[in-house]
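All of these numbers come straight from a predicted model, not from anything done at the bench.
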Amino acid sequence: MLLAQVRLHRLLADLVLELEEPYRSTVIARFVEGQTAASIARSLDIPESTVRWRLREALARLRAGLDEKSGERKAWAPAVLAFAKKGIGVAKPTKTLGVLAALLALLIGSIVLVWALRGSKRDPDPDKQGRGAFHV
């Protein structure tokens, strides 16, 4: 079960990184950096409704990508929900709201995991006599 969650986590992170702009940066600003739609809108000098539309479109694309790469929603949604229940508290969500909340929780963790893994793959510097980072 844990291995399946990690694989789903990585898939979601890859799907986020594959999103076209401005969807990718909007999703990262909202769910990784924790900015509100209003603060994103102010920083970009665009209407808040544009930010909300970008988020809806990005999440739709992420769901479609998960459907395509993991099978139908029935295959991946339970794993996303299980992950969300462990990671965040969701008070009596509807099915759609619960899946969305789980997807967002998984998204945040996935992006952090991918960034951490990429940062750990630096080549060792032989001039530092063993003090460099090593491949994982």
Identify, with sequence neighbours excluded, every residue that meets side-chain contact (heavy atoms from CB on, under 4.5 Å) alongside R54. P22, Y23, T26, L44, I46, T50

Taking atom CD of E20 and atom OG of S25, what is their separation to the nearest 0.5 Å? 12.0 Å

Counting only N and O atoms by type, is there a donor-acceptor contact under 3.5 Å from the side chain of R24 to the main-chain atoms of V16? no

Residue pairs involving residues 36-49 (criterion salt bridge (charged side-chain N to carboxylate O under 4.0 Å, His left out); sequence neighbours excluded): E48-R52

Looking only at heavy atoms, what is the nearest atom pair of A58 and L19, with distance? CB-CD1, 4.1 Å

Side-chain touch R10/D14, heavy atoms, less than 4.5 angstrom: yes

Quick one: closest heavy-atom pair of A29 and I40, and the distance? CB-CD1, 3.8 Å

So CZ of R61 and CG of L66: to nearest 0.5 Å the spacing works out to 14.5 Å

